[in-house]
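Shown next, in structure tokens, is the structure this report addresses.
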Amino acid sequence: MKISRLLIGLIVMLTLVFNANALVDVNYKLQPTNNAQALAFNCLDTSCSQVAQFGGSFPNGQFTANGELTVRFPSTLQQNGYALYFVAQGFLPSAWHATWNSQGDSSIYTTSFPITLEKASVCRSKVDSLRVVNDVAPNVPLLIQTSTSLDANTESAFALDPSNPVKYVPQELADYYSAKTRVVTQVVDVSGNVVFSETKDVNVLADQSVPVEFTWTPVDTGRYAVLVTTEVVDDQCESTEKQSASSFVTVQEESKNNLCYSLVNDLEANSKDAEAGDSVSATYNLISNHGDLSELSTLTPVPTSVQWQVTRYDGTLFEDATGKTLVEAQEEFSANPDELNPVQHSFDFTVPSDGKYAVSVQATPNSALCTNEVQPGMQLVSFFVKTQSNDATTHKVNFELRDQNGNAVENAEVLLNSVSATSDSSGRAVFNEVKSGTFFYTVLHNNFETVQGSLVVNNQDVTIALTLSAKIVSPDLFITTFFVHDTENGVGIKGAKVTFGGVTSFSDEFGLVRFASEEGWYDYTITHSNYLSREGSVFVLNDQTYNLGMERISGFAPGPRIVKEKSMNIGINSIRMPTAFEVRAGDQLAITFSFENNGNENLKGVKATALIQELGVKASAGPVELSEGEHSREHLLLDIPENAQSGNYWVRFTVSKDSLKRVVYREITVK
């Protein structure tokens, strides 16, 4: 499977607004991936719905292989600020509104800021407006040997957050904002035989829907079920839930006479953003006629009896898991105004709880003219209802921060999905009104190493206790970083010879070179065979970065950026542990482990393992075979010993094939 780059607006994309004294060079540190891209624009209005070319620059380029991207903002703030985008393969896009500036100061200042890229936990692509139509006469049943159109609108699994202040979606990032969706259409006869099947993959932009068309030519008369199923097959989704729509149709001989029939099409449950307890509206198109199919001019509209029902949906047509219908009703409609054009009808219902449901409509002609054969029309669509969001479903997330001696850590900044809180004198940082879901956190403090991780809120308050490690910093030495770049295009220069205080080193592939020194004045010189040399002096008082441009010698042009080739062809896509921070001794820890063949050769015998060394427990899956670009999702269960002590443990995840190996660690809490 080819990995598609789709990133949805489903991700919460927050505003980043800083005061007027903010620094200019911002080093964004992206987690959990190293390979990412940045894009920026000037906002032309307060909602960033109209943009212009970015007034700043990317000193190290717009792509990264080490997880860091530097954005240089103009010293004077552009009136409406800037739209800033971070995208990476397999993750949702992150869009920000920024107002970094230095009030016109031309000096180069630096700072850093963490960016957490996320995946969608569950992706669904709703089927709308399923239509089964006779191509010759759309208002009559299907006829043998007549071309038949099977059409359905497929909604994007991704939706833009209306509260996000950045409204503009760049055309060049359309792939990241689109959901790759697989649409499968099948026609099944009464014996269960599949007489027609076709699959199409489509990319659907966030908040959009696209028509997906198939053509089927019936060969035999009889009763058939038409089933359209959608599945989001995108590496930005940790999991997917299929959605479907069905129609039941009868294929007739062209010479059929004295027939009464009903056709139901375009059934749709308008359930977008519906929550438990909400009213949902369903619409459908209906036409019922009596007449001779060989003489279409003799068709006569007739009244119709309609029965609709709502059931919990487990994949069985028109029945829920218990066989009990949740909502149902019977309605009578008079004949349509004419025999050619269907009429739209609607009904409302309330679903009491969250979950997957199906709404179905069966229409039957009801007229004294129907003395011979009566052919009903039927259609079904599935839909999802979310848990109701109210104050009762929000919770507190408490962080308790200690140093290695057990002392409370005050004034640490804690980011929970980019929402910030500061720890108090007791080392506590509290987030209120947090809904259930998976969240990423980052803990920042000048005197301690940065800590990152994830947590799950599942219908109860969560407390995370963390021990911060002190930074190992020499009080006598400071780091001076030179970014050596081409003055014309801002691209870093590799292999520039830099002498600083008598010590010589060479810039790396990104144009960076670093020196450690004590406080004081130092002279530097920079040379390169393709550029004019430059020299100067700096006073070292703390850690500092200097951006030094070099002018090309006439006749030379900068070479291409060097991109490191992949050194491994196995990658870990995602790890889901819903109860990672609330598992108890004696429980089983459920894990969904997704990994992928990133190389260009088929792999046999790939194994996946989860191990907690301290508890002596292990779970494995495989061996599995992965073709080029193919991924596998395995479900593991780790048995937590009954004598396990409360505390935090590291789970070691390994995916391997002979000498190829990828290892990551995730933390869990045993209560």
* Crowding at NZ, Lys671 (>12 non-hydrogen neighbours, <6.0 Å) -> yes

* Within a radius of less than 6.0 Å around CZ of Arg584, do more than 12 heavy atoms belonging to other residues, nucleotides or ligands occur? -> no

Interatomic spacing from [atom1] in [X] to [atom2] in [Y] - rounded to 0.5 Å:
X: Lys180; Y: Ser156; atom1: NZ; atom2: OG; result: 14.5 Å
X: Thr230; Y: Lys242; atom1: OG1; atom2: NZ; result: 9.5 Å
X: Asn27; Y: Glu68; atom1: CG; atom2: CD; result: 4.5 Å
X: Tyr28; Y: Leu84; atom1: OH; atom2: CG; result: 5.0 Å
X: Leu468; Y: Gln404; atom1: CG; atom2: CD; result: 9.0 Å
X: Ser469; Y: Phe448; atom1: OG; atom2: CZ; result: 9.0 Å

* From CA spacing to verdict: side-chain contact (heavy atoms from CB on, under 4.5 Å), Thr181, Val232 -> CA-CA 4 Å; Thr181 305; Val232 182; 4.3 Å; yes

Under 3.5 Å, side chain of [X] to main-chain N/O of [Y], donor-acceptor pair present?
X: Thr116; Y: Gln31; answer: no
X: Thr240; Y: Cys123; answer: yes
X: Ser125; Y: Glu155; answer: yes
X: His445; Y: Glu410; answer: yes
X: Asp424; Y: Ser426; answer: yes

* Can a salt bridge be assigned to the pair Glu238 and Lys119 using a cut-off of 4.0 Å between side-chain N and carboxylate O? ->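 No.
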
* **Lys/Arg N to Asp/Glu carboxylate O, Glu241 vs Arg124, below 4.0 Å** =>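 Yes.
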
Which atoms form the tightest heavy-atom contact between [X] and [Y], and what is the distance?
X: Leu69; Y: Gln37; answer: CD1-C, 3.9 Å
X: Val166; Y: Ala83; answer: CG1-CB, 3.9 Å
X: Tyr168; Y: Tyr85; answer: O-OH, 2.6 Å
X: Thr669; Y: Val583; answer: O-CG1, 3.2 Å
X: Phe431; Y: Val414; answer: CZ-O, 3.4 Å
X: Ala619; Y: Leu638; answer: N-CD2, 3.6 Å

Could you check whether any side-chain heavy atom of [X] comes within less than 4.5 Å of a side-chain heavy atom of [Y], counting everything from C-beta outward?
X: Val457; Y: Lys435; answer: no
X: Ile115; Y: Trp96; answer: yes
X: Trp650; Y: Ile612; answer: no
X: Ser620; Y: Lys607; answer: no
X: Asp508; Y: Val513; answer: no
X: Asn411; Y: Thr422; answer: yes
X: Val397; Y: Val430; answer: no
X: Leu589; Y: Thr579; answer: yes

With a 3.5 Å cut-off and no angle check, do the side chains of [X] and [Y] form a donor-acceptor pair?
X: Thr654; Y: Ser656; result: no
X: Gln78; Y: Asn42; result: no
X: Glu582; Y: Gln460; result: yes
X: Asn66; Y: Thr64; result: yes
X: Asp45; Y: Asn80; result: no
X: Glu634; Y: Ser632; result: yes

* Asked: Do Asn35 and Thr33 pass the side chain to side chain donor-acceptor pair (under 3.5 Å) test, and can you show the C-alpha distance, the side-chain angles, and the key distance before you say yes or no?
  -> CA-CA 6 Å; Asn35 297 292; Thr33 182; 5.0 Å; no

* To do: Under the side chain to side chain contact (heavy atoms under 4.5 Å, CB included) rule, collect the residues that match up with Thr481, sequence neighbours excluded.
  =>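 Expected list: Ile479, Leu512, Arg514, Thr545.
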
* To do: Could you tell me how the ring of Tyr82 sits relative to the ring of Phe73: parallel (under 30°), tilted (30 to 60°) or perpendicular (over 60°)?
  =>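 The rings of Tyr82 and Phe73 sit tilted, inter-plane angle from 30° to 60°.
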
* Starting from the C-alpha separation in whole Å, work towards a yes-or-no answer on side chain to side chain donor-acceptor pair (under 3.5 Å) for Thr70 and Arg72. => CA-CA 7 Å; Thr70 299; Arg72 175 169 297 171; over 6 Å; no

* Asked: Between Phe63 and Phe58, is a side-chain contact (heavy atoms from CB on, under 4.5 Å) present by the stated rule, with each step listed?
  -> CA-CA 9 Å; Phe63 297 84; Phe58 296 86; over 6 Å; no

* Results of side-chain hydrogen bond (donor to acceptor under 3.5 Å, both in side chains) for Gln208 - residues two or more places apart only ->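 If we apply the side-chain hydrogen bond (donor to acceptor under 3.5 Å, both in side chains) test to Gln208, skipping adjacent residues, there are no hits.
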
* Could you go step by step and tell me if Leu117 and Leu92 meet the side-chain contact (heavy atoms from CB on, under 4.5 Å) rule? -> CA-CA 7 Å; Leu117 298 177; Leu92 304 178; over 6 Å; no

* To do: Check the pair Val434 / Asp461 against side-chain contact (heavy atoms from CB on, under 4.5 Å), numbers first and verdict last.
  => CA-CA 9 Å; Val434 179; Asp461 294 346; over 6 Å; no

* Mind checking ring-ring contact (aromatic ring centres under 6.0 Å, His included) for Phe483 and listing every partner two or more places apart, or none if nothing turns up? =>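 Residues passing ring-ring contact (aromatic ring centres under 6.0 Å, His included) with Phe483: His485.
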
